[in-house]
Each structure stands twice: as structure tokens, then as C-alpha cells.
Amino acid sequence: MKHVPTYLTALLITLTVAGLPLAAAKPGKDIRLEPIAAFDSGSGETGAEIAVLDDKNGLVLVTNGAENRIDIFPLFGGPSSSFDMSPYGSGVQSVAVKNGLGVAVAAADPVVLPGKAVFFDPADPAAGPSSVVTVGALPDMVTFDHQGRRVLVANEGEPRCIDTAGNGVTDPSLATNPEGSISIIRLRGGQPGPATTVGFAAFNGSEASLQAKGVRVGTWPGASVAQDLEPEYITVSQDGKTAYVTLQENNALAIVDVPKGQVVDLVALGLKDHSLAENALDASDEDGPDGSGAANLRAWPVHGMYMPDAITSWKQRGKTLLATANEGDGREYFDNKDNDDGGTLCLIDEARVKDVALDAFFPLPDDINDLDTLQEDENLGRLKVSRFFPSTFTGGQPPTGDTDPADVEGLEYTSLASYGARSVSIWDAAGNRVWDSGDGIARAILETIGEDAWVNGPVQGTTAPPDSRSDDKGAEPEAVAAGKAYGRNLLFVGLERSGGVLVFDATDPAAPQLLEWKQTEDISPEGMQFVKEEDSPTGKALLVVSYEISGTTRVFEIVK
């Protein structure tokens, strides 16, 4: 273990942005993150994806996808250890710990088969698993409820395309496509029972009604609703009775009655209107005078799908609130999804705006006079949007393969939906939006680093300048955590592409204040856990953050 010297990096921002109030950091008064420990997997990329603190044993558990193991680091020094996951699956996906009991989930090979949840003692990994439970296909995230009575697993159930004819052509309608599900494992005396599978078969046949309310289904040819829905991340209410599950590719939220083991609602998260000034975005990485990039945050006539990855929850004034990191995620599948660069394309659901035909009445900004100009690379042409629902079109069907949608006769788009909302959002327990950060994340980054670094870099904790992702999903808010410290409700957001962690005071959930953008040399925050002060070995609340690209993990104290 490498101890990090105590230091303070204060972010001083003194402005207010529409949709996201930014508060000046006040040394000695405002809450901030102070690093106290750092760990390096030694494996590089994917060497640290999800990290959690075992407060009972003073250990930090980290998934090491590069080596298919759980790395175990003592928080206060000492030799590290590991728990080998290779006997239980082809790839470790997530880890959780409660009351000294660890559980990690691994995907099968191939990933369309049921995965495993493996229980073990983090203090004695050499003893092997205490129990192994079969769960759904591609278990992507695992968590305990607050009481430690149940373990819940989000089984993404991704499809796998196969070149059935052996001629280099894949048909997405013939793909092996397992159903997405949630596994609930009841613990009795610390021992897990078999998993209860919570699926979505009850919604089969309701594709049209789900689309009518905005749930993104029907984009995979031949898939049932249960096959199309892909659980990504879970948060559980304080009483343990309700689970909220992000369906990232579907731009929706599943609400689960945990004791009954039943999905009680599918909530569409809606679209973000980027034609509004408070939802501006930089839509191109080639909008500079010489074809290079530029900092060009402005309104555009497109919508954004929230498509959250991580989700967290907390109780405030007797009500459950949710927060999501709205990363976005397009579907691009090859005949071997683990080898995209050499596989045969099976399905792609994204296209650049310049490659689609726009309806003659497609809305234009006031400063652009025609569609050809709108679709130039320096304007909206580079932005990636969905070929399918919720983009809308007339005549024909968009192609599933890597062909130009503009070549499809009669296919004209009347509205376009891009991937991700480039924001963090707060929702109530019914899935109604309470607050969204608008364009505030991009503006805070730009205001902090300046236009030159926005375009050219370098930016600490990144591998590429922010503008290189303007045509994709921007900063890509990936990880999110929430907790209470110093009497204030705090919200933490990890930025996969722009690096670092944002710290918000969300005591007023309708108007959170940005306190700090904490940057370190660690690259691409992927996982995040808040540890309340009564569970912290240091006596102060902690934030544990794992960084996927650098393969490192950092523990911060939340100080004031």
C-alpha cells in the first residue's frame, strides 16, 4: 500500500451557470476531499473497476478485471492479498461487502449463460468461497441492502451475435439474446440461499405501449421486451423494500418490490432538450477555424437520452431521492463482442448527424439557414445520434448494419436523440426529475481549465482533452454516490472522460451547489462508494474511488 501525503486542492469557481449553481470554495468552511490512501493494482487498464471498503476488517476490495480477481488492500498498510475469480467465470464484474462478508459476481463464458455470485471472507481469501450462487446472464453489479439481509445482482443479459452461415455476415435477429434480470439472494445467519430471479417477461407484448411512454425498446430485431431490457446498476431504499434499477440502454428505470420479487413499474426517463440555453452542448470536435476543435457550448436542435449508468439513493425529510450519472451508451455489437476490432458487425444503433437525411421541416437554429450547413462537421454533423427510437423518422426502416442511413429510400429524420445527457440528475421515488445539472458540468470544466486545455489538453486524470469527446457523450458522468456529512447531504460524481470527482452539496435537492472538482493523476473513475463516519476506521466519512484506465484506487476523507 502506498500512503498519500495529506494535501488540499481547492477549486475556486465564482460564477453561476443556468441549471447548475456553482459555489465558490471556502477553505476551512466548505467540504472537500482529502486523499489519505492510494493503491495500484499493477495491471493497468481494467485493473481497478469497482472498489468497496470492508469496514469490519479495514480492507479495500477492488475488482481487477485484467487479472480476473479481487485485490484486497489493508487501508492502513500491510501486505495485500487477492481472491481468484477465474474458477467461477470469465470476468469479474463487481464486488460488495457487508459485515465482513464479501461477494463478487462473474460472467460466464460465453456471457449469455448464467453467471455466478461468489461469497468469501475478505480477511481470509485463501480459504476460498463460502458459497457460490448461480445468478442471471452477465451479472454486471452486486450490492447488499442496508440491513445486510439480501444481496441484489443486476444481470445485464447482453446479446451475443454469431456468424451462423460462416460467410462473414451476422443477423442480429438470430443472436443469442438472454433476458435481463435481477437476482435476489436472501441471507440467513450470514449464509446465502438460492437466488430468486426477477425478470421482465410480464412486459412482453407491450413494446408499443412502452415506447409510447418513452422506454427505449424495439431496437434489437426479434427481441422480446424481456430480452431488450438490460439492468445496469441497483440502489436499494433505506428500508430494504424497494430497489431502483437503471436500464441504461433503454433510457429507463425499473422499480422492484424486493420482498415480493417483482418489477412493479418501468419508468421512462425522458429526453433532455438541447435546444434550450441551459442545456447547451459542444457538439463537435472539429468546430475550430482550421477543422480542429473549439470550445463551443451552445444550443442545438437535438435531444439527449439520459441513459444513466450508476444510481444512488438517500432519504431526506422522510422521502427517498435518487441520483443518476447520465453517461449514455450506444449499442454496437460484433460477432465476437470481446474482439470488436476484428469481428463482423452485427448491429449498430448510432450514426453521425451528417450521415442521415433530415426532413425538410427539421428545426434550424436562428443563425443557420439550411440543413446542409447544419450537417457540416463544424456544426451538428459530427454528433452521434440514435438511428432508431427515440429518434423519429418517416418512411422506411433504418439499417442495422454499418450502412449509410441516407441511402435508405424515404428515410428522413424529423427529430434526433443523442447518447447521454452529459449531466447528473436527481429524481424522486416515482422517477420524476427533481433537478438536472444542465450544461453545468461542461461549463465548470471549461471555466476551470480554459479553452486551450479544453481543445488540446493536457488535463490531469485524462488521456485526451475534453473536446475530443464533444461529438460523443462529453464528460461521461459514470459513477455516483451520496451520503451525509457535517449535517449536509452530499453528492459525488465521477467523470469518466474528463477525469476527477465532482462534489455537490445537495441539501437542497432542487438546487445543489458544486463545492469542488477534485482532480488527481488517476484516470477514469469507474466505481465509487460513500462510507459514513460511524462506519469509517478514521472516524470521518470516506469516499472510495476506483479508476479503470490507470488501474488505481484512492480513498478520500471528507473534511471541512
Side-chain angles (χ1 to χ4, degrees), residues 136 138 140-141 154-159 172 177-182 198-235 242-257 262-273 302-311 322-331 333 347 349-350 385-393 397-398 400 413-421 423 425 427-434 436 473:
L138 187 52
D140 201 36
M141 187 267 182
N155 305 305
E156 192 166 5
E158 282 188 351
N177 196 349
E179 295 183 356
S181 64
I182 300 99
V198 180
F200 301 94
F203 297 92
N204 285 343
S206 60
E207 177 181 303
S209 61
L210 289 172
Q211 281 198 355
K213 71 177 193 174
V215 178
R216 191 171 186 255
V217 292
T219 61
W220 193 282
S224 67
V225 170
Q227 291 173 313
D228 208 328
L229 297 176
E230 297 186 5
E232 187 82 22
Y233 213 94
I234 302 173
T235 188
T242 307
Y244 304 90
V245 185
T246 57
L247 308 172
Q248 185 173 23
E249 288 83 356
N250 312 106
N251 195 32
L253 186 71
I255 300 178
V256 178
D257 184 317
Q262 181 180 356
V263 179
V264 295
D265 200 8
L266 295 178
V267 179
L269 297 179
L271 298 174
K272 183 169 180 173
D273 188 352
V302 294
H303 291 85
M305 297 175 279
Y306 287 88
M307 287 186 149
D309 187 331
I311 185 172
L322 316 171
T324 57
N326 304 319
E327 179 196 22
D329 193 14
R331 281 174 166 169
Y333 287 85
L347 182 140
D349 67 2
E350 62 183 30
V385 294
S386 172
R387 301 172 186 251
F388 307 112
F389 176 82
S391 294
T392 57
F393 48 84
Q397 289 291 323
T400 57
Y413 286 81
T414 59
S415 68
L416 297 172
S418 62
Y419 294 92
S423 65
S425 298
W427 315 79
D428 66 18
N432 299 303
R433 194 164 55 255
V434 175
D436 181 80
K473 300 183 286 289

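For this chain, numbers begin at 1 and follow the sequence in order.
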Ser224 (side chain) donor-acceptor with Gln227 (main chain) under 3.5 angstrom: yes

Whether Lys272 side chain and Ala421 backbone form a donor-acceptor pair below 3.5 Å: yes

Ser386 backbone acceptor or donor facing Ser391 side chain under 3.5 Å: yes

Asp436 vs Asn326 side-chain heavy atoms within contact, under 4.5 Å: yes

Side-chain (Thr246) to main-chain (Ala310) donor-acceptor, under 3.5 angstrom: no

Worked verdict on Glu156 versus Glu249 for side chain to side chain contact (heavy atoms under 4.5 Å, CB included): CA-CA 10 Å; Glu156 192 166 5; Glu249 288 83 356; 3.1 Å; yes

Pro172 versus Leu347, closest heavy-atom pair with distance: CB-CD1, 4.1 Å

Given Gln248, Glu179, Arg331, the one that forms side chain to side chain contact (heavy atoms under 4.5 Å, CB included) with Glu230: Arg331

4.5 Å side-chain heavy-atom contact, Met305 and Pro390: yes

Separation of Lys473 NZ from Glu327 CD (nearest 0.5 Å): 6.5 Å

Intermediate values then yes/no, side chain to side chain contact (heavy atoms under 4.5 Å, CB included), Leu266 and Phe200: CA-CA 10 Å; Leu266 295 178; Phe200 301 94; 3.9 Å; yes

Leu322 vs Thr235 side-chain heavy atoms within contact, under 4.5 Å: yes

Test item: Gln211 side-chain N/O and Val217 main-chain N/O as donor-acceptor pair under 3.5 Å: yes

Smallest separation among heavy atoms of Gly205 and Val225, with atom names: N-CG2, 4.5 Å

Min side-chain heavy-atom separation Pro308-Leu253 under 4.5 Å: no

Thr242 side chain to Asp257 backbone, donor-acceptor under 3.5 Å: no

Ala226 backbone acceptor or donor facing Asn204 side chain under 3.5 Å: yes

Gap separating the CD atom of Glu350 from the CG atom of Asp329, nearest 0.5 angstrom: 9.0 Å

Donor-acceptor under 3.5 Å (Asn251 side chain, Gly270 main chain): yes

Non-hydrogen atoms of Gly180 and Pro231 that approach each other most closely: CA-CD, 3.8 Å

Short side-chain to backbone donor-acceptor contact, Asn250 and Val215, under 3.5 Å: no

Rounded distance [0.5 Å steps], OG1 in Thr324 versus CG in Asp309: 10.0 Å

Heavy-atom side-chain proximity of Asp349 to Arg216 below 4.5 angstrom: yes

Electrostatic pair Lys213-Asp265, nearest N-O below 4.0 angstrom: yes

Intermediate values then yes/no, side chain to side chain contact (heavy atoms under 4.5 Å, CB included), Leu269 and Trp427: CA-CA 9 Å; Leu269 297 179; Trp427 315 79; 3.9 Å; yes

Where Ile234 and Ala154 come nearest, the two heavy atoms and their spacing: CD1-N, 3.4 Å

Distance, nearest 0.5 Å, that separates OH of Tyr244 from CD1 of Ile255: 6.0 Å

Pair Tyr333 and Trp220, ring centroids less than 6.0 Å apart: yes

Interatomic spacing from CG in Asp228 to CG in Leu210 - rounded to 0.5 Å: 10.0 Å

Side-chain (Tyr413) to main-chain (Arg387) donor-acceptor, under 3.5 angstrom: yes

Smallest separation among heavy atoms of Val263 and Val198, with atom names: CG2-CG1, 3.6 Å

